[in-house]
Amino acid sequence: MAIRLFNSYSHALEEFHPVEPGKVRMYNCGPTVYNYAHIGNFRSFLLADLLRRFLAFSGLEVKQVMNITDVGHLTEDHLEAGQDKVLVEAMRTGKGPAEVARFYEAAFIEDARRLRLLEPFARPRATDFVPRMIEMIAALLAKGYAYVVDGEVYYDVSRFPAYGRLSGNTLASLEENARVAFNEKKRRQHDFALWKRDDKHLMQWDAPWGRGFPGWHIECSAMSTHYLGDTLDLHTGGEDNIFPHHECEIAQSEAFTGKPFCRCWLHARYLLVDGRKMSKSLGNFHTVRDILEKGHAPEALRLSLLATHYRQNMNFTLAGLEESRARVASWQRVVDNLESAPAGPATPRVAAAAERSLAAFAQALADDLNISAALAAVDDFRRETNSAGPTRSDAPLVKDTMRRFDEVLALLSWDEKGLLDAEVEDLLRQRREARQARDFQRADAIRDRLKAAGILLEDTPAGLRWKRAR
RNA sequence: GGCGGCAUAGCCAAGCGGCUAAGGCAACGGAUUGCAAAUCCGUCAUUCGUGGGUUCAAAUCCCACUGCCGCCUCCA
């Protein structure tokens, strides 16, 4: 089935075909590790994860690279502002910015695992790629795409005619609408830095042009081409990365390699919280761990952040989080209830639903990751299956179908319930007896006791069901 | 000021020129049930921000207006 994606570079829906058939090279702009990642960050990372999982689901091999930006935009001024506790603590105890970065990098990876993002092929750190960045800058200088001024290096955008094609910010329009004070060192207002100096900067490296640090954009060019070659198939990021970051990445990379940098760009639109832009001052700022620490299930958060199409502003609310939780729970029950399915022949209706829903699911995602339609396909399967009443013979198919959905969605728990210990087993037996004797008071008391122990009971027409509280 | 995006039921959200406007949450009615939970069946937008236009036909295309959001040098 043809997969269509909206390519921000061409501003159009296109059929996706990797350079090398069957193998996809994908680069995702990753986190800046000077703070905990917030839910907006993860919306963009989850787009990358959804895309990767769906491509794999479709039979493609995906080589995914997500960078860690640890090259400091940290200066002494930041330290003086002292907003970040870990940072302040690090400086107080004599630890450097590198240790701060490691701390938040570890926190990010933990968050990513809790939200079930697949491990990328590589998660390179910008600081490990400074030599390659210097190499690339030297090459750009040699080719005449860049110039040195006073120990700094700038990219000469006038040498790259396609500048502005991604963002729509052509040089002409940028010049007309200049809003930022002109940096005297640059030849043109919109030339951007490949190498900078700033004595206040805490991370510095030696380069042929002087001691300093790399410009923001060059790191992604260095890391992506190192792992994935001159031409990437896919590149993702938040919409705010379109300009200047990705525009500049294209200019640098193509000037360096002489080849097209990336075939297809995907950008996740911003997330709002309670209808407004998330910001600390509005008090609607949520990190991933804040939400999880408040007791919300990671699957609920994952679905919430996934459930709105990536090119649509999503509005995050606690009500929406609860809605996602309920939806995941209803799918989980389809799987869990199979254990107590009655014996009987296979149900044609279930088989038909499995085939139809799986096809609808794949077709929806192939249409520029139409997640709403894909989720509706899962709901359709849930309703059909429950309505038909699956038998023991249906169980393998139902389970396989749900598993297939979950390869992409990654929301369900597949661990076996495990054996109950003898004490719980005994309580269940006692309750059964109490109910038979119509001693409902005692039956309810036992149910409450088991609930407190994390075992939830359901008396269904098919008999007693139990599950562990999650 | 320049560039770009979005407005669909109480809420979330599909649909992208033509079958009765998907699906979820909530709500309500019913079945089942000792109660609870879960599940099923049914109800829930003659209408798609507002006003025009194009068309045999528009939520879908065009124009205007209103509202919201993003980018315009280091923020996903």
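First the proteins, then the strands, lettered A, B, ... as listed; each starts at 1.
Residues A:Asn28 and A:Gln64 have side chains that bring a donor and an acceptor to within less than 3.5 angstrom of each other.
With distances taken from any side-chain atom of A:Asp240 to the nucleotides B:A76, B:G24, B:C72, the minimum falls on B:A76. Closest to the A:Asn386 side chain, of the nucleotides B:G34, B:C40, B:A22, is B:C40. When each of B:A76, B:C40, B:C72 is scored by its nearest atom to the side-chain atoms of A:Arg383, the top-ranked nucleotide is B:C40. Out of B:A37, B:A76, B:C72, the shortest distance to the side chain of A:Glu458 is found at B:A37.
Looking at heavy-atom distances under 4.0 Å, A:His38 makes contact with a base. Counting any heavy atom pair closer than 4.0 Å across all strands shown, A:Gly320 reaches no nucleic acid atom. Within 4.0 Å of A:Arg438, counting heavy atoms only, lie sugar-phosphate atoms of the nucleic acid but no base atom. Residue contacts shown for A:Glu322 are absent, as no nucleic acid heavy atom lies under 4.0 Å away. Among the atoms of the strands shown, none is found under 4.0 Å from any heavy atom of A:Asp380. Among the protein residues, A:Leu271 comes within range of the nucleic acid bases, having at least one heavy atom under 4.0 Å from a base atom. The residue A:Thr308 sits close only to the backbone: its heavy atoms come under 4.0 Å of sugar-phosphate atoms, none of a base. As judged by a 4.0 angstrom heavy-atom cut-off over every strand, A:Asn241 is placed among residues touching the sugar-phosphate backbone only. Using a 4.0 Å heavy-atom distance criterion, A:Ser304 is classed as making no nucleic acid contact. No contact: A:Arg43 has no heavy atom under 4.0 Å from any strand.
RNA chain B is contacted by both A:Phe243 and A:Phe45; A:Phe243 maps to the nucleotide lying nearer its 5′ end (nearest heavy atom per residue). If you find the closest nucleotide of RNA chain B to A:Gln441 and to A:Arg269, the one lying nearer the 5' end belongs to A:Arg269.
Regarding A:Tyr270, its OH atom lies at a distance of 9 Å from the P atom of B:C75, rounded to whole Å. The interatomic distance linking A:His246 (NE2) with B:U73 (C1') rounds to 14 Å, in whole Å. When the C1' atom of B:G10 is taken as reference, atom CG of A:Asn315 falls 15 Å away, rounded to whole Å.
B:C40: Watson-Crick or G-U partner is B:G30, with both key distances under 3.5 Å. The partner of B:U47 cannot be assigned: no Watson-Crick or G-U wobble pair with both contacts below 3.5 Å exists in any strand. Under the Watson-Crick and G-U wobble criteria, each requiring two contacts below 3.5 Å, nucleotide B:U20 is left unpaired. Under the Watson-Crick and G-U wobble criteria, each requiring two contacts below 3.5 Å, nucleotide B:C74 is left unpaired. As the counterpart of B:G4, B:C69 is assigned, both hydrogen-bonding distances of the Watson-Crick or G-U wobble pattern falling under 3.5 Å. Taking a pair to require two hydrogen-bonding distances under 3.5 Å in either a Watson-Crick or a G-U wobble arrangement, B:G10 pairs with B:C25.
For the side chain to side chain contact (heavy atoms under 4.5 Å, CB included) with A:Val288, the lone residue among A:Tyr36, A:Phe108, A:Phe45, A:Phe42 that qualifies is A:Phe42.
Not one side-chain nitrogen or oxygen of A:Ser330 sits closer than 4.0 Å to the OP1 or OP2 atom of B:G24.
No more than 12 heavy atoms of other residues, nucleotides or ligands sit less than 6.0 Å from atom CD of A:Gln363. Other residues, nucleotides and ligands contribute over 12 non-hydrogen atoms within 6.0 Å of the CD atom of A:Glu119.
Side-chain rings of A:His217 and A:His246 stay apart, their centers remaining 6.0 Å or farther from each other.
Annotation: B:G24 and B:A31 have their P atoms spaced 22 Å apart (nearest Å).
Taking all atoms of both residues into account, the shortest heavy-atom contact from A:Glu239 to A:Asn313 is OE2-ND2, 4.3 Å.
Taken from CZ in A:Arg132 to CD1 in A:Ile137, the straight-line distance is 12.0 Å, to the nearest 0.5 Å.
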